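Remarks on the structure that follows.
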Amino acid sequence: MRKKETASQKAIQQQVAWAAPVLGLVLLLLLPVFARYNDYVLQVFTHALLLATLALAWNILGVSGSISLGHAAFFGAGAYTSALLSLDLGVSPWATIPLGGVLAAGIAAIMGLFCLRLRGAYFALATLAFVEIPKVITDNWDGLTRGSLGLVGLPGLPSLRLGSYHFDMSGSLVGSYYFVLGYGLVLLVLVTLLFRSNLGLALQAIREEEVAAEAIGIQVQKYRLLSLLLSAFFTGITGACYGHLIRYLEPGLVYGLHFSAIPMIFAICGGRFTILGPALAALVLYPVDQFIFHPLLPAGHEFLYGAVIILAILFMPSGVWGQLRKGHFVSIKTGSIE
Amino acid sequence: MSLLKLEALSKKFGDHWALKEIDFSIDEGEIVGLVGPNGAGKTTLFNLITCRHRATSGRILFANKETTLCKPHEIQKLGISRTFQSSRPFAKMSTLDNVVVGRVFGGEFHLFAQSTDIDSAKQLLELVGLAHKEQTPAGDLTLSEQRRLDLARALATQPRLLLLDEVVAGFSPVAVKQAVDLVRRVRQRGVTLFIIDHFLSLSLRVSDRLLALDHGEKVAEGRPQEVMRNREVIRAYLGMRHEDEPHGA
């Protein structure tokens, strides 16, 4: 059993729980100022933010206890939908990015039909296999997707006009950075509301004890499907943003194992029973990977992710942020930031 | 008027009859004990009433409505809740949240928990003596605390009929006495109780009636003292002494 904490330890935990995210947010808002002359730093952090949104979206399903290894299906579908609609039909990315999310949710509905009756490792393996379906379709439907040639020349992230002020988010790295940061903050607010709502309570209850959840009147499969659809929708939006950010796509890239595994790695290392943990892990681990391990080991730098996930599973099964917030996972009552 | 009515209820697992032709009914406001040795079919009967398992034959009527083929969450909506033989807390959620979630899904659904939901959850924690642990993760509670949390969570769904599965197994005599008081207080709230109690330590003290099962068959029903004098019940619990002795008892 856990040792009783002293009041001062608890107070410190509370302070960490508040101070760390606030400090992090200020740093993120001012980052372009610090890094104005360094495109590389901006690029890395833009990508880290995008991965943070991917981890947040993944954890909408993760909080219900289902480990997905198939989120690349939604990421790729979102990226391709938005890219093709904007490239071939000239629709504004403001419209095509959410449509990418909608198609991703549609694919999730099909995936749910087959996979949601499974649990644990069986669910994870079925989702891993499922990714091949949209990937093979995208790879071979040359007339629509241009197949394995991929897509180039995607329009950049959309611009924002506020009155006479024109905020260009595609032309400059700074603009792209703030676009992704803005999306990340919106998603964070939505995920916080969701996890704190009764829907979030239901998902956690299902994760902890499915039989008991059913006995108190929770329709388990309905809520599992709903969390999968929401998770896929936002993963699709993240995928669409990714396409407009790097401005080229190919099936092997966006449907690759990378985008399935990386949100899981961030969620487990950061703390999949918390709201912020997965996003924080992305914002720390990806820059560490890029700035430190990539120059040292250009070919094998991703061993970092393998190492941290093994360490997390062995020593911190509830993740680093979960450990710091121990005993204070998402709760409707405490009112603290998780 | 009977709240729960079982008509010739049977359940077969493979070739084995776990329950055979059980006829029984419980009136509103009663406390009924369900007794019998291991493997008698007590938990199976609970699983049939709560529709976790489907009856092989026979009917279940709750408040004059047939519920034999309902789904588990539908049964809860009609007003039947249960606790589990080995308690099943939502371990990583706070003790309070465990009860709030019962309240929220037992009642009318709102997207966000209302302050009334939280207040009534706190009252229930008070009732079962866990008010001081409301922020503790449920997985950190002791066995007896987890059983009481199970009870509070089941009560939070506002049931008309509450099924308690071995709530006092492994309890100290003091804890059993507290459980007796608790069960009486639950009845005062207007809840009908059906209690599985293998060792009879709770049901003999609180039950209005007992239903005794052995090998899936009803061997006796009636007032506790009568049932405990019943030859079949004694035989089921203690063996076949009467028959073994050549000159009778």
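This structure is a prediction, so every number in the text was calculated from the model and none was measured. Every chain is numbered from 1, with letters handed out A, B, ... down the list of sequences.
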### Closest contact, heavy atoms only, A/Ala202 versus B/Phe105
CB-CZ, 3.3 Å
### Message
So for B/Arg52, is it side chain, backbone, both, or neither that comes closer than 4.5 Å to the heavy atoms of chain A?
### Response
side chain
### Query
Side chain, backbone, both or neither: which part of B/Pro159 has a non-hydrogen atom closer than 4.5 Å to chain A?
neither
### Task
Name the member of B/Val101, B/Ile75, B/Thr157 that forms the most heavy-atom pairs with chain A at distances under 4.5 Å.
B/Val101
### Query
For B/Phe199, does the CZ atom have more than 12 heavy-atom neighbours from other residues, nucleotides or ligands under 6.0 Å away?
no
### Query
In Å and rounded to the nearest 0.5 Å, what is the NZ to OG distance from B/Lys92 to A/Ser318?
7.0 Å
### Task
Inspect the surroundings of CZ in A/Arg117 and state if more than 12 heavy atoms from other residues, nucleotides or ligands are less than 6.0 Å away.
no
### Message
What I'd like to find out is whether the side chain of B/Phe90 reaches to under 4.5 Å of the side chain of A/Ile206, using heavy atoms alone.
### Response
no
### Query
So which part of B/Phe84 gets closer than 4.5 Å to some heavy atom of chain A, the side chain, the backbone, both or neither?
side chain
### Message
At a 4.5 Å cut-off on heavy atoms, which part of A/Val220 comes close to chain B: side chain, backbone, both, or neither?
### Response
neither
### Query
Under 6.0 Å from the CZ atom of B/Phe112, do we count more than 12 heavy atoms belonging to anything else shown?
yes
### Message
Please give me the minimum heavy-atom distance between B/Met93 and A/Ala205, naming the atom from each residue.
### Response
SD-N, 3.8 Å
### Exceeds 12 heavy-atom contacts within 6.0 angstrom, atom NZ of B/Lys71
no
#### Entry: Residue pair B/Leu111 / A/Asn198, side-chain heavy-atom distance below 4.5 Å
no
### Task
Working to the nearest 0.5 Å, report the span between NZ of A/Lys222 and NE2 of B/His73.
7.5 Å
### Message
Show the nearest heavy-atom pair for residues B/Gln76 and A/Gly217, with the distance to one decimal.
### Response
OE1-CA, 3.4 Å
### Message
If I measure from the heavy atoms of chain B, does A/Leu193 come under 4.5 Å with its side chain, its backbone, both, or neither?
### Response
both
#### Entry: A/Glu208 CD to B/Arg88 CZ distance, which is reported to the nearest 0.5 Å
13.0 Å
### Query
Is atom CZ of B/Phe13 surrounded by more than 12 heavy atoms (other residues, nucleotides or ligands) closer than 6.0 Å?
yes
